[in-house]
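Quick notes on the structure that follows.
All values derive from a computational prediction rather than experimental measurement. When a residue number appears, it is its place in the shown sequence, counting from 1. Computation of the quantities below employed the complete heavy-atom set of this structure, encompassing side-chain atoms and omitting hydrogens, waters and symmetry-equivalent molecules. Whatever order the structure lists them in is the order used to number ligands and atoms, beginning at 1.
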Amino acid sequence: MISMSNIEPNNKRSTQLEKPSIPLSQREGQGGESLVQGGESLVQGGESLVQGGESFIRIILIGYMGAGKTTVGKELAKALGLTFYDLDWYITTRMRRTVKEIFDERGEEGFRRIEHNMLHEVAEFENVVISCGGGTPCFFDNMEYMNQQADTVYLKASPEVLYAHLQMGKGVRPLLLNKTPDEVQQFIREQLAYREHFYSQARHIADVNLMDNFSKIANTVADIREMLGV
Ligand code: S3P
């Protein structure tokens, strides 16, 4: 269950990773995209990320509010010995304001701009699992960018499951405030239908409909590890 009050980063850093640790989507022979895009090479410090450069893992979890991105992200990071970042937590820390305060002060448009900028910061980090906000993939070219930078995993759940998870959570979600339960359910159905187009562009999809206790969270982590081969 995602809780805004429970999004401390997991600072356990990886020392030795067993598997090849370049972004999996950029491994040679895995159907990944070329590192050369639009004539520009993604070369850092004179070395390609793949050849000769240091290799790393970067996984980004996406999905609707209540899908369990933070919960799964923390467990996945722990299992892989990686650092966990929650994009909302990162925004809150950098801006010294809660997500709700940013919405109140700058409106959703202002929040989305900040979210876009902060995404470009965290998605540069290496050996990380990042969970982003439910809306992150649906603005600007964020989804395309995330697919270039990382192995993206969509945590997919039905509107009913998401609603049940959100009922249990304590986090404040500005988009769901001041709505009756019926209105929230309707909102989730409609917004999820719209967002599905973006979410489904993720490189991997994990069904989290049954993920309502710890052993099932562990199963989801195992499923994702199998999908990504890590
Ligand atoms: C949002 C989801 C929230 C947060 C903000 C907007 C959205 O994150 O970024 O309230 O548009 O779906 P979670 O998905 O972690 O709740």
Side-chain angles (χ1 to χ4, degrees), residues 1-10 59-77 84-123 128-140 142-143 145-146 152-159 161-179 183-202 205-206 208-209 211 217 220:
M1 178 49 39
I2 290 179
S3 160
M4 290 292 289
S5 58
N6 190 23
I7 50 174
E8 298 286 310
N10 164 8
I59 299 168
I60 301 185
L61 303 182
I62 67 163
Y64 200 76
M65 291 179 271
K69 300 179 293 289
T70 306
T71 307
V72 171
K74 279 183 180 177
E75 291 305 317
L76 182 63
F84 172 71
Y85 282 94
D86 178 284
L87 182 57
D88 279 340
W89 170 85
Y90 189 81
I91 293 169
T92 300
T93 306
R94 291 274 271 106
M95 300 299 293
R96 298 171 193 272
R97 277 172 178 66
T98 64
V99 170
K100 182 177 182 310
E101 282 166 351
I102 300 172
F103 264 76
D104 288 346
E105 288 170 19
R106 305 185 185 216
E108 182 173 357
E109 206 187 319
F111 174 76
R112 296 304 175 191
R113 205 167 296 281
I114 292 166
E115 182 182 50
H116 174 73
N117 293 339
M118 302 285 146
L119 173 66
H120 279 247
E121 293 189 13
V122 292
V128 287
V129 176
I130 299 162
S131 69
C132 58
T136 315
C138 316
F139 293 84
F140 306 100
N142 290 352
M143 192 64 231
Y145 171 71
M146 288 191 280
T152 49
V153 183
Y154 170 26
L155 303 190
K156 182 171 178 150
S158 70
V161 166
L162 294 168
Y163 178 71
H165 285 181
L166 287 165
Q167 288 296 100
M168 289 186 284
K170 297 189 192 85
V172 176
R173 268 113 177 164
L175 294 176
L176 304 179
L177 289 177
N178 306 317
K179 288 184 172 62
E183 285 169 348
V184 171
Q185 289 177 66
Q186 176 74 7
F187 181 83
I188 293 172
R189 273 195 298 273
E190 287 174 8
Q191 198 175 44
L192 184 61
Y194 169 75
R195 288 182 171 186
E196 189 65 33
H197 161 74
F198 297 94
Y199 295 158
S200 60
Q201 292 171 36
I205 297 179
V208 293
N209 276 307
M211 197 187 66
I217 292 165
T220 301

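Ligand 1 places these atoms under 4.0 Å from at least one heavy atom of L175: 7 (C), 11 (O). Near P174, meaning under 4.0 Å from any of its heavy atoms, are these atoms of ligand 1: 10 (O). Interface atoms of ligand 1 facing V99, defined by a heavy-atom separation under 4.0 Å, are 5 (C), 10 (O). In summary, the atoms of ligand 1 found under 4.0 Å from a heavy atom of F111, numbered by their order in the structure, are 9 (O). Near R112, meaning under 4.0 Å from one of its heavy atoms, ligand 1 places the atoms 6 (C), 7 (C), 11 (O). Using a 4.0 Å cut-off to heavy atoms of G133, the atoms of ligand 1 that qualify are 8 (O), 9 (O), 14 (O).
The only member of E115, R97, R112, E108 that meets side chain to side chain contact (heavy atoms under 4.5 Å, CB included) when paired with I102 is R97. With K74 as reference, T70 is the one residue of T71, L76, T70 to meet the side chain to side chain contact (heavy atoms under 4.5 Å, CB included) rule. The side-chain hydrogen bond (donor to acceptor under 3.5 Å, both in side chains) with R189 is formed by just one residue from the set Q191, Q185, Q186; it is Q186. Results of the ring pair (Phe, Tyr, Trp, His ring centres under 6.0 Å) test with Y154 over F198, Y199, Y64 single out Y199 as the only residue that passes.
To the nearest 0.5 angstrom, R195 atom CZ is 10.5 Å from I188 atom CD1. Here the straight-line distance linking atom CG of L177 with atom NZ of K100 works out to 6.0 Å at 0.5 Å rounding.
Distances from atom 12 (O) of ligand 1 to the heavy atoms of Q191, R173, R195 put R195 nearest. Taking only non-hydrogen atoms, the option from D88, I91, L166, D86 nearest to atom 9 (O) of ligand 1 is D88.
Below 3.5 Å of separation, one finds no N or O of C132 facing any N or O of ligand 1.
Contact between E108 and ligand 1 is absent, with no heavy atom of the residue lying under 4.0 Å from the ligand.
Among residues two or more places apart in sequence or in another chain, the ring pair (Phe, Tyr, Trp, His ring centres under 6.0 Å) test is passed with H120 by H116, Y145.
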